[in-house]
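Please read the structure below before turning to the comments.
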There are 2 protein chains.
Amino acid sequence: MTTRVTRVQEAMHEAGVDLAVVGPGADMAYLTGARPHPDERLCLLLIGRERLAFVMPALNADEVRAQTDERLHTHADEEGPEGALRAALADVGAEAAVELAVEDAMRSDFTLTVQEALPGSRTRRFGELLAPIRARKEFDEIALLRRNAAQADDAIRAVAAYARAGVTERELANVAQERFRSLGAQPSFAIVGSGPNGAFPHHATGDRPLQEGDAVVVDVGATWEGYCSDITRMVVVGEPSARYLEIHAVVDRAVAAALAAVRPGARARDVDRAARQVIEAAGYGPRFVHRTGHGIGMTGHEPPYLTATSDVVLEAGMTHSVEPGIYLPGEFGVRLEEIVAVTASGCVVLSDLPRDPIVVPVSP
Amino acid sequence: MTTRVTRVQEAMHEAGVDLAVVGPGADMAYLTGARPHPDERLCLLLIGRERLAFVMPALNADEVRAQTDERLHTHADEEGPEGALRAALADVGAEAAVELAVEDAMRSDFTLTVQEALPGSRTRRFGELLAPIRARKEFDEIALLRRNAAQADDAIRAVAAYARAGVTERELANVAQERFRSLGAQPSFAIVGSGPNGAFPHHATGDRPLQEGDAVVVDVGATWEGYCSDITRMVVVGEPSARYLEIHAVVDRAVAAALAAVRPGARARDVDRAARQVIEAAGYGPRFVHRTGHGIGMTGHEPPYLTATSDVVLEAGMTHSVEPGIYLPGEFGVRLEEIVAVTASGCVVLSDLPRDPIVVPVSP
């Protein structure tokens, strides 16, 4: 059993949790190395106080057996998962009502199935126990995130080389994703918000062609070796306007202020405040409509979240984004995003790219 | 309010459900057209007996307002979602304990948050109510699935044109995904299982290069205009062995038998039986380790599921896969997958590709 599992079981003991239930995904991979294909078939890692067991669709069993030595209780499509679940619960010593923790991102029907098998249980979020453990990255994890960051830099460079008036948002997104794939990574998202679309922080990349004068939010990320990248830079088509440059400079200063605030012992809200203060002082406070950052690791968004109200204390080894933005409806948006690792004395930025506006020519 | 929502509210009334809760994804898009960016921020469609309301992260609000006229109760990152949830619950008339239905695939922490806001509620699966509605496709939906199927055919042709000894599984997967993208679709998965890897039904596509004599399972799918494709064909590198051709023929006959069994009024288990009987008669029963098929529409896997034990009755308008397989550990696997639409008298296959082995040359 890995050290990671031992840490989780200690946390369960402290919290009075008897059973933790985890579906396919990052938590399961982090704890056991198992990466079963996720679908609607009941697929669970059960963590008891002393033992682990899996509930596993039979058709995934051979592959998962090559990834873990823990016991698999398999179920075939025709029999349904109830028998395997009962056997696995018995295996980890959780046959009756328990204090239950379920993985935050797991499908709700998996949670209902477990609750029905253990009537009278109380259910809480497994993230409360696991997040503090996963948030402090091990040395090898930070090394992987660095390589992910280098790939993301490369994707931004590829977008910059391709961008010009007439190219659509989707084409730019494809360029980024193609670059990630050529590096062996799996693209996970690509937000390309051109001109007024950039004022939607989560704009769904569409068919709008870039136009002269557009500011373009390019926010891309991928997964490689189980870890994530995430970066945002601004592309401008032709000469940026004075107004654009002013807003860009405010956001850049907000990033710098937040970076300067990151250190062990700082609270997440302190970092958010540092960024927000710069934007408020410039008169754009109400247009910075989201938090300053989120943790990143085996998932693209994970604790710590850097919000205006979070008292989470940063620790060395944590890795998170710093990504303030200003969104001007009908005009444009500006967001600049760095991924940092908290060090003993402050933080290091994982990207090598400057945050300046990437000015591209109107035509090739 | 759309007819679809009205149907859901009728089903809620019949089932005694007061409140249905749906996260970002296919169910939400199907019912309202809203497609908010899914992440860990609480984002819910609440369906009361008479009214709808959304709980929406503030940074998605502008974009979602362009997709729906229903009321949005927004929350900013710094305030947390509790206030917006309370307001939305009041809006749909569900302020106290209720009979609750939660979307099957929704994040478990969303379900816990709603349960905590409505202590004493009883929770069931929303899929029980919505699945029968979503399973009977409207005319336009089947037209979209036909176009998706044509794209998947195209992806298989692209893979066939590229496959030869020395090309890796991942390269073939990339070829399929690239073709989907060039057609404007978003690839959702690409299982390429070469030689012995094909014996894992859900093989994670890897770096194994194809070798002379390999049988290669190619199972690919994408999303386009909100609907999904899914197809499996077999590529063989060089002359197929007699043993391979024998097994392939068994699987092909199993597909044909299942297709002949699909009609309104047939039970899902009847279709599964038709396929399984062919494979059992050939002596490979224990090597057909999964169900015969799954519904497909706005999600890649959805009801009806065609298992050996399902009593679901097929109806005209349902769309599902037929995909028997034989998996020989250490040797190879064979799976052939069609997507069909149930018609008044039987079914139509949406693909135009033959199911024969696609024999590719060893070298270019």
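Just so we're on the same page: letters track the sequence lines, and every chain starts at 1.
Contact of A:Phe189 with chain B is not made at all, since no heavy-atom distance falls under 4.5 Å. With a 4.5 angstrom heavy-atom cutoff, B:His294 does not touch chain A via any of its atoms. For B:Phe126, no part lies under 4.5 angstrom from a heavy atom of chain A. Heavy atoms closer than 4.5 Å to chain B are found in both the backbone and the side chain of A:Ala204. Heavy atoms closer than 4.5 Å to chain B are found in the side chain of A:Gln186, but not in its backbone. Heavy-atom distances place no part of B:Glu171 under 4.5 Å from chain A, backbone and side chain included. The contact between B:Arg170 and chain A is made entirely by side chain atoms (from C-beta outward), counting heavy-atom distances below 4.5 Å.
Residue pairs satisfying the salt bridge (Lys or Arg N to Asp or Glu O under 4.0 Å) criterion with at least one member in residues 289-309 of chain A, sequence neighbours excluded, are listed as follows: A:Arg134-A:Glu302, A:Lys137-A:Glu302, A:Arg291-B:Glu40.
Here B:Phe332 pairs with B:Tyr244 under the ring pair (Phe, Tyr, Trp, His ring centres under 6.0 Å) rule; sequence neighbours left out.
The candidate with the highest count of non-hydrogen atom pairs below 4.5 Å against chain A, out of B:Arg181, B:Arg269, B:Arg35, B:Gln177, is B:Arg181. Annotation: maximal heavy-atom pairing with chain B below 4.5 Å, among A:Thr309, A:Asp77, A:Val289, occurs at A:Asp77. Heavy-atom pairs under 4.5 Å with chain A peak, among B:Glu178, B:His37, B:Arg124, B:His203, at B:His37. If you tally non-hydrogen atom pairs under 4.5 Å between each of A:Leu59, A:Ile191, A:Thr299 and chain B, the highest count goes to A:Leu59.
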Listed pairs under 3.5 Å, donor-acceptor, residues 193-202 of chain B side chains, sequence neighbours left out:
residue: B:Ser194; atom: OG; partner: B:Glu169; partner atom: OE2; Å: 2.7
residue: B:Ser194; atom: OG; partner: B:Arg208; partner atom: NH1; Å: 2.7
residue: B:Asn197; atom: ND2; partner: B:Glu169; partner atom: OE2; Å: 2.8
residue: B:His202; atom: ND1; partner: A:Asn60; partner atom: OD1; Å: 2.9

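With a 4.5 Å cut-off on side-chain heavy atoms, A:Phe54 and A:Thr68 count as touching. Counting heavy atoms from C-beta on, the side chains of B:Pro329 and B:Arg287 come closer than 4.5 Å.
Along residues 99-120 of chain B, the residues that come nearer than 4.5 angstrom to chain A, judged on non-hydrogen atoms, are B:Val102, B:Glu103, B:Asp104, B:Ala105, B:Met106, B:Arg107, B:Ser108, B:Asp109, B:Thr111, B:Leu112, B:Thr113, B:Gln115, B:Glu116 in order of number.
The closest donor-acceptor contact from the side chain of A:Thr205 to the backbone of A:Ala190 lies under 3.5 Å. One N or O on the side chain of B:Asp272 and one on the backbone of B:Thr292 form a donor-acceptor pair closer than 3.5 Å.
Across every non-hydrogen atom of A:Glu78 and B:Ala308, the tightest pair is CB-CB, 3.4 Å. Taking both residues in full, the closest heavy atoms of B:Leu42 and B:Pro57 are given as O-CD, 3.4 Å, listed atom of the first, atom of the second, then distance. The two residues B:His75 and B:Ala84 have their closest heavy-atom pair at CB-CB, 3.9 Å.
Atom CZ of residue A:Arg267 and atom CG of residue A:Asp311 lie 5.5 Å apart, to the nearest 0.5 angstrom.
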